[in-house]
K.L.:
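Following this message is one structure expressed as structure tokens.
Counting from 1, the numbers follow the sequence of the chain as shown. Each ligand, and each atom within it, is numbered from 1 in the order the structure gives. The shown structure was predicted, so the numbers you read here are calculated from the model rather than taken from an experiment.
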Amino acid sequence: MQDAPSDRDALQALLDFHVEAGVDLALDETPHNRFAEAAAPPAPARAPEQPREAPRPAAPPPRALPKMAAAAPEDVATMARELARDAQSLEELEALLREFDGCALKFSAKNLAFADGNPKGRVMLVGEAPGADEDRIGKPFMGRSGQLLDRMLAAIGLDRSNVYVANIVPWRPPGNRTPTPQEIAICKPFIARQIELAGPEILLCLGGPAAQNLLNVKDGILRTRGRWFTYKTEAGRELRAMPTLHPAYLLRQPLQKRLGWRDFTSLRRALDGRE
Ligand code: URA
């Protein structure tokens, strides 16, 4: 006769059920009103304890940003544009994003996944949003999609020492859902400024959301992939830009890898001045 399932078995089964249903993020036992928390006055400062280690010099000192979590999304997007425009370096932009509280995704994400690779590279690749691996590590394209991306880059003689990688949204949406148009609108000024400050020669948009939001194209990725567009920075500099299939899509649809391969050989030719 089989033993009755123990509490442990029941809990394990419940956990497995949640993971299978895509619930891979425990926020808390009870709901939190993050908007109210962010708008609340800061707790009174306590006398500092003896420091355990010497404080590390901060990169650029964090700026005191206005509290935005309770503001209307249009106002947040306007403030985000002004803030992003002020950043004079990628370090400043990253520090600013760490302080920015206008995008609710920040509160469920573990880390900001700002960038990976070489910001001086000739090519910048922009994806959609971090997944679980990227969120844990705090860098874009670290999981299976990132591994496929690295193999595709290697096939045309590139790697992360000579390309720069980022996402249109730098925080993981819970359960890997697609970022909402509002979240994208709020984050867009930051990625636009990131592209401008990195100043690549070529921008590769990985997947439909990156292409549609950065290149203002309406067509789906299967229509736009492999075509050259012009991306114009706010300062008026023009870059060559190409949408291509997202590596996560290629993992699901391996037969489409031949299209990805075509796009990457086109990128290689452009870098060699042959296209
Ligand atoms: N998918 C993306 O679009 N970006 C990542 O960083 C990882 C997966």
Side-chain angles (χ1 to χ4, degrees), residues 22 24-25 90 93-94 97-98 100 103-106 108-119 121 123-154 158-188 190-195 198 200 202-215 217 220-222 224-226 231 241-254 256-257 259-260 263-264 267:
D24 57 355
L25 187 75
L90 288 167
L93 186 68
E94 181 173 358
L97 264 169
R98 287 192 190 283
F100 180 74
C103 180
L105 292 177
K106 175 182 184 168
S108 53
K110 288 193 182 71
N111 278 304
L112 170 77
F114 179 69
D116 193 33
N118 183 351
V123 183
M124 178 165 176
L125 299 98
V126 181
E128 181 179 327
D133 293 313
E134 292 75 20
D135 185 40
R136 186 171 42 79
I137 298 168
K139 287 182 179 177
F141 285 99
M142 291 284 121
R144 286 184 67 222
S145 299
Q147 287 157 16
L148 176 57
L149 182 63
D150 287 343
R151 290 200 295 278
M152 293 166 76
L153 288 168
L158 298 174
D159 60 37
R160 297 206 193 192
S161 72
N162 46 33
V163 303
Y164 186 51
V165 187
N167 281 307
I168 47 172
V169 167
W171 294 283
R172 180 193 184 205
N176 292 347
R177 65 163 169 76
T178 305
T180 64
Q182 249 174 27
E183 288 158 355
I184 294 178
I186 289 168
C187 295
K188 196 169 154 183
F190 297 108
I191 184 65
R193 186 69 179 141
Q194 197 172 353
I195 296 169
I202 296 179
L203 181 66
L204 206 64
C205 301
L206 302 171
Q212 284 162 351
N213 286 288
L214 294 176
L215 304 178
V217 291
I221 190 69
L222 287 169
T224 56
R225 59 140 284 275
Y231 176 88
M242 185 201 278
T244 189
L245 301 172
H246 193 288
Y249 171 79
L250 297 179
L251 286 170
R252 292 193 303 273
Q253 303 284 340
Q256 300 286 48
K257 283 185 187 165
L259 298 178
D263 299 349
F264 272 61
L267 167 64

K.L.:
Sequence neighbours left out, what passes ring-ring contact (aromatic ring centres under 6.0 Å, His included) with Y164? Give chain and number order.
P.N.:
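Residues passing ring-ring contact (aromatic ring centres under 6.0 Å, His included) with Y164: none at all.
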
K.L.:
Provide the full list of side chain to side chain donor-acceptor pair (under 3.5 Å) pairs with a residue in residues 241-250, sequence neighbours left out, each pair given once.
P.N.:
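Of all non-adjacent pairs touching residues 241-250, those that pass side chain to side chain donor-acceptor pair (under 3.5 Å) are T244-D263, Y249-Q256.
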
K.L.:
For residues E134 and G143, report the shortest heavy-atom separation together with the two atoms involved.
P.N.:
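Closest approach of E134 to G143: OE2-N, 3.0 Å.
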
K.L.:
Please check whether S145 reaches ligand 1 - meaning an N/O of the residue sits under 3.5 Å from an N/O of the ligand, judged on distance alone.
P.N.:
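No, S145 has no N/O under 3.5 Å of an N/O on ligand 1.
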
K.L.:
With respect to atom 8 (C) of ligand 1, which of G143, A129, A166, G146 exhibits the smallest heavy-atom separation?
P.N.:
A129

K.L.:
Does any N or O atom in P130 lie less than 3.5 angstrom from one in ligand 1, N or O only?
P.N.:
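P130 vs ligand 1: no N/O contact under 3.5 Å.
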
K.L.:
How far is atom 4 (N) of ligand 1 from the closest protein heavy atom, and which atom is that?
P.N.:
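Protein heavy atom with the smallest distance to atom 4 (N) of ligand 1: N167 OD1, 2.8 Å.
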
K.L.:
What are the two closest heavy atoms between C187 and I168, and how far apart are they?
P.N.:
CB-O, 3.4 Å

K.L.:
Run the numbers for me: atoms of ligand 1, each under 4.0 Å from some heavy atom of P140, listed by number.
P.N.:
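With P140 as reference, the close atoms of ligand 1 come out as 6 (O).
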
K.L.:
Is it the side chain, the backbone, both or neither of E128 that has a heavy atom closer than 4.0 Å to ligand 1?
P.N.:
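Both backbone and side chain.
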
K.L.:
Would you mind running through ligand 1 and noting each atom that sits below 4.0 Å from a heavy atom of H246?
P.N.:
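It comes down to these atoms of ligand 1: 1 (N), 2 (C), 3 (O).
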
K.L.:
Check whether more than 12 heavy atoms from other residues, nucleotides or ligands sit under 6.0 Å from atom NZ of K106, and answer yes or no.
P.N.:
yes

K.L.:
Which of the atoms in ligand 1, numbered in the order shown and given with their element, are less than 4.0 Å from a heavy-atom of G127?
P.N.:
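So the atoms of ligand 1 that pass are 3 (O).
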
K.L.:
Any chance CZ of R177 has more than 12 other-residue heavy atoms, nucleotides or ligands included, within less than 6.0 Å?
P.N.:
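Yes, CZ of R177 has more than 12 neighbouring heavy atoms, counting only those of other groups under 6.0 Å.
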
